[in-house]
Amino acid sequence: MTFEELKPKINDILTNVSTLRDEKLQKICFLLNENIDYYDWVGFYFRNGEKEELVLGPYVGEKTEHTVIPFGKGICGQVALSNEPFIVPDVTAQNNYISCSPAVKSEIVVPIFVSGDNIGQIDVDSELRDAFTEDDRAFLEYINYEIGKLFLET
Ligand code: SME
């Protein structure tokens, strides 16, 4: 399914009044994992209150032991500090990388902003090398912008 075909499905999930926020995020993980063949692991990490650490939220894919990631550690921890999307074409070329599965070859992490604050991120892993482009970045930024609205309402 193309990004453009997925966008209305994402909006349907996010605007459904009878599901909780985490259920919506979980459904988005499933939607992306099922409909984009190179999105092999899809999950969310969120800042743990005022602490400089990320905590794993809803995800789909292989179970990971990295449920808490300090700011600065791994790709996710770097994005928590840089506030910039990070595309990693080849994870073996990264020194500051936390491996969740040897099958993963490339990764993209895109921050979620609420009122200008970086509150968390979406993390997608692929078993293909060099899987992600600027189109993925733009698509995930679109999703995160819509997700950010959920955090304004509560
Ligand atoms: N690879 C990430 C850790 C999270 S797992 O991909 C699920 C990182 O380096 O931060």
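Hydrogens, waters and symmetry mates play no part in the numbers below; they use all other heavy atoms, side chains included. Order of appearance sets the numbers: ligands from 1, and atoms from 1 within every ligand.
- The shell of residues lying under 4.0 angstrom from ligand 1, judged by heavy atoms, includes Tyr45.
- The nearest protein atom to atom 5 (S) of ligand 1, hydrogens excluded, is given as Cys100 SG, 2.5 Å; this is a heavy-atom distance.
- His66 does not count as a contact of ligand 1, since none of its heavy atoms falls under 4.0 Å from the ligand.
- Classification of Glu141 and Arg137 as a salt-bridged pair holds, one side-chain N sitting under 4.0 Å from a carboxylate O.
- At the shortest separation from atom 3 (C) of ligand 1 among protein heavy atoms lies Ile98 O, 3.5 Å.
- Contact atoms of ligand 1 toward Asp123: 4 (C), 5 (S), 6 (O), 7 (C) (distance under 4.0 Å to a heavy atom of the residue).
- For the atom pair CZ of Phe71 and CG of Asn118, the computed distance is 7.0 Å after rounding to the nearest 0.5 Å.
- The heavy-atom pair separating Ile108 from Leu140 by the smallest distance is CG2-CD1, 3.7 Å.
- Of the N and O atoms on the side chains of Tyr59 and Asp123, not one donor lies less than 3.5 Å from an acceptor on the other residue.
- With a heavy-atom cut-off of 4.0 Å, Glu107 touches ligand 1 through its side chain alone.
- The shortest N or O to N or O distance between Gly77 and ligand 1 is not below 3.5 Å.
- Judged purely by atom type and a 3.5 angstrom limit, Gln94 has no side-chain atom pairing as donor or acceptor with the backbone of Val88.
- From the protein, the heavy atom lying nearest to atom 8 (C) of ligand 1 is Ile75 N, 3.2 Å.
- For atom 6 (O) of ligand 1, the closest heavy atom belonging to the protein is Asp125 OD2, 2.9 Å.
- Ser115 and Asp117 share no donor-acceptor pair across their side chains, judged by distance under 3.5 Å alone.
- Neither the backbone nor the side chain of Tyr59 has a heavy atom within less than 4.0 Å of ligand 1.
- Here CZ of Phe151 is found 4.0 Å from CZ of Phe46. Values are rounded to the nearest 0.5 Å.
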